[in-house]
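The next block holds one structure in the form of structure tokens; read it before the comments.
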Amino acid sequence: SCHYNQSMEFFYNKSSTNDCWDRPQLILMQVVGSFFCCFILLSNTMVIAAVVTNKRFHYPFYYLLANLAASDFLAGIAYVYLMFNTGEVSRTLTVTGYLIRQGLLDVSLSASLANLLVIALERYISVMSWKVHSNLTKRRVTLLIMAVWAISIFMGAVPSLGWNCICKLEDCSQLAPVFSRSYLVFWSVSNLVVFLVMVVIYVRIYAYVKKKTLMLMSHTSGSINRKKTPIKLIKTVMVVLGAFVVCWTPGLVVLLLDGLNCHSCNVMKLKRWLLLLAVLNSVMNPCIYSYKDEEMWATLKNLARCVWNGTRQQRSIRANMRPNSSGLDTGNSHLPSEETKEEEKNNLKS
């Protein structure tokens with residue numbers, strides 16, 4: 001029989017999952033997590049705005065980088081929703097509410113991973129032709145971005161479409177009591193394979209660039225201006241990819257162990273810390289963009305300056321308007337009083 005109408009309390013009890021939080025620990029996590037999420041939302045919004053407003057970023061690589069920032073923005077929203085629907089609150093959720101909570105995280109992770117894979121392919125195309133930017137048209141980049149989100153939404157919706165344990169309770173996992181262990185194995189293995197593919201692509205790219213640079217240096221006097229080679233953007237993406245792999249691989253390994261039904265692994269103790277590590281990845285990405293790319297950093301500073309100056313100007317306008325409005329409000333106080341009127345009448349009679 002299926003248990004669609006049961007609350008998550010039922011599935012937590014059936015899977016013997018202990019997801020209790022100490023009250024101070026939960027409050028601390030929510031406060032720190034809220035600060036991180038505010039930074040994620042604000043910084044990734046600024047990265048997207050930088051790509052839109054600066055014409056120097058109107059190239060396929062930066063469009064894909066903005067799409068990666070959009071996936072991090074979605075991750076920030078997913079973390080906020082998760083933080084205030086975890087602990088004891090998890091047990092009161094409906095199955096639909098729980099699937100939405102996990103689906104948001106899965107969509108954001110899939111979008112980040114798919115974006116990094118597309119960026120890796122774009123970098124490979126540009127490097128093999130020894131260009132800073134590839135010749136992908138805006139139409140093709142738009143189609144790639146649409147494909148990334150279509151695949152990501154589908155991957156996030158797979159458990160809701162039927163690959164779950166609602167009708168087969170003995171297959172429920174510990175980390176996600178509604179998800180099938182077989183699905184966790186598929187999810188973690190497929191993501192780890194994509195990690196491996198991207199690492200191989202970038203190792204190949206780096207080896208080619210290094211060989212090409214040495215060859216050019218042997219035929220030219222002096223050093224090559226690295227700003228005119230693709231290696232600068234490659235370093236940025238390699239740092240982003242490295243941070244992504246470091247932050248997400250432990251969580252995927254734990255999901256794999258849970259899917260393989262490892263009773264001695266004690267996966268629940270690691271769950272909270274691995275979630276914070278995943279949040280840290282979305283915090284790091286905007287910092288990497290701005291640190292590794294001088295043009296991006298300059299654009300972000302200009303945007304922040306414009307926002308700050310605009311806010312100050314609005315405050316100044318409001319401040320200057322207050323005396324005028326107060327004068328209108330209290331204008332009756334400047335009208336002649338009754339005693340003054342009587343005195344003027346007496347003076348006229350005399």
Side-chain angles (χ1 to χ4, degrees), residues 35-77 108 111-127 130-138 140-142 144-145 148-149 198 201-202 205-206 209 224-247 279-311:
F35 174 77
F36 281 155
C37 288
C38 288
F39 177 81
I40 291 170
L41 297 175
L42 179 60
S43 58
N44 284 289
T45 300
M46 292 187 67
V47 169
I48 296 170
V51 174
V52 172
T53 57
N54 192 337
K55 291 184 178 180
R56 295 183 182 179
F57 295 148
H58 290 184
Y59 292 99
F61 171 78
Y62 287 105
Y63 291 142
L64 296 173
L65 199 67
N67 199 39
L68 180 61
S71 64
D72 283 331
F73 184 90
L74 176 62
I77 296 174
S108 63
S112 297
L113 191 59
N115 271 302
L116 286 172
L117 181 59
V118 172
I119 290 172
L121 295 174
E122 189 273 342
R123 289 294 84 200
Y124 184 81
I125 294 171
S126 64
V127 165
W130 200 246
K131 294 179 179 179
V132 177
H133 297 289
S134 64
N135 293 325
L136 288 174
T137 62
K138 288 186 178 181
R140 290 183 179 179
V141 173
T142 302
L144 282 173
I145 291 173
V148 163
W149 285 105
M198 287 191 293
I201 290 174
Y202 279 110
I205 289 173
Y206 186 78
V209 170
I224 298 174
N225 185 358
R226 292 179 178 268
K227 290 186 178 182
K228 296 181 179 179
T229 66
I231 196 168
K232 188 178 180 182
L233 294 181
I234 291 170
K235 285 184 175 180
T236 300
V237 181
M238 287 181 71
V239 174
V240 172
L241 176 62
F244 190 85
V245 171
V246 169
C247 291
V279 174
L280 184 61
N281 176 243
S282 295
V283 173
M284 291 169 62
N285 282 345
C287 300
I288 295 170
Y289 307 150
S290 58
Y291 175 73
K292 300 295 291 184
D293 194 320
E294 295 176 3
E295 183 71 24
M296 178 66 74
W297 175 237
T299 306
L300 291 176
K301 285 196 297 184
N302 288 335
L303 283 173
R305 193 178 297 116
C306 289
V307 172
W308 173 252
N309 290 338
T311 305

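The first residue in the sequence is number 1, and the count goes up from there. Below, each value reflects all heavy atoms present in this structure, side chains not excepted, and no hydrogens, waters or symmetry copies.
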Could you measure the distance from the CD1 atom of Ile48 to the OG atom of Ser43? Nearest 0.5 Å is fine.
9.5 Å
For Asn44 and Ile40, the nearest pair of non-hydrogen atoms, with its separation, is ND2-O, 2.7 Å
Would you say the side chain of Arg123 lies within less than 4.5 Å of the side chain of Ile201, judging by non-hydrogen atoms?
no
May I have all residue pairs that pass salt bridge (charged side-chain N to carboxylate O under 4.0 Å, His left out) and include part of residues 38-61, sequence neighbours excluded?
Arg56-Glu295
Could you list the residues that satisfy side-chain hydrogen bond (donor to acceptor under 3.5 Å, both in side chains) with Thr299, not counting sequence neighbours?
Asn54
Interatomic spacing from CG in Asn67 to CG in Asn115 - rounded to 0.5 Å
4.0 Å
Please tell me if the side chains of Trp149 and Leu74 come closer than 4.5 Å, counting only heavy atoms from C-beta onward.
yes
Who are the ring pair (Phe, Tyr, Trp, His ring centres under 6.0 Å) partners of Phe57, not counting sequence neighbours?
Tyr62
So which atom in Ala50 and which in Leu300 form the shortest heavy-atom distance, rounded to 0.1 Å?
CB-CD2, 4.0 Å
Roughly how far, to the nearest 0.5 Å, is the CG atom of Leu68 from the CZ atom of Phe73?
14.0 Å
Quick check for you: to the nearest 0.5 Å, what is the distance between Leu144 atom CG and Leu121 atom CG?
9.0 Å
Check whether any side-chain heavy atom of Tyr63 sits under 4.5 Å from a side-chain heavy atom of Thr142, and report yes or no.
no
Drop me the distance from Ser71's OG to Ile145's CD1, to the nearest 0.5 angstrom.
11.0 Å
Tightest non-hydrogen contact, residues Met296 and Val51, listed as CE-CG2, 4.2 Å
For Ser112 and Asp72, the nearest pair of non-hydrogen atoms, with its separation, is OG-OD1, 3.9 Å
Answer yes or no: are there more than 12 heavy-atom neighbours, outside Tyr202 itself, under 6.0 Å from its atom OH?
yes
Mind listing the closest non-hydrogen atom pair of Ile288 and Ala243 along with its distance?
CD1-CB, 4.0 Å
Please find the pair of heavy atoms, one from Val47 and one from Ala69, that lie closest to each other, and give the distance.
CG1-CB, 3.9 Å
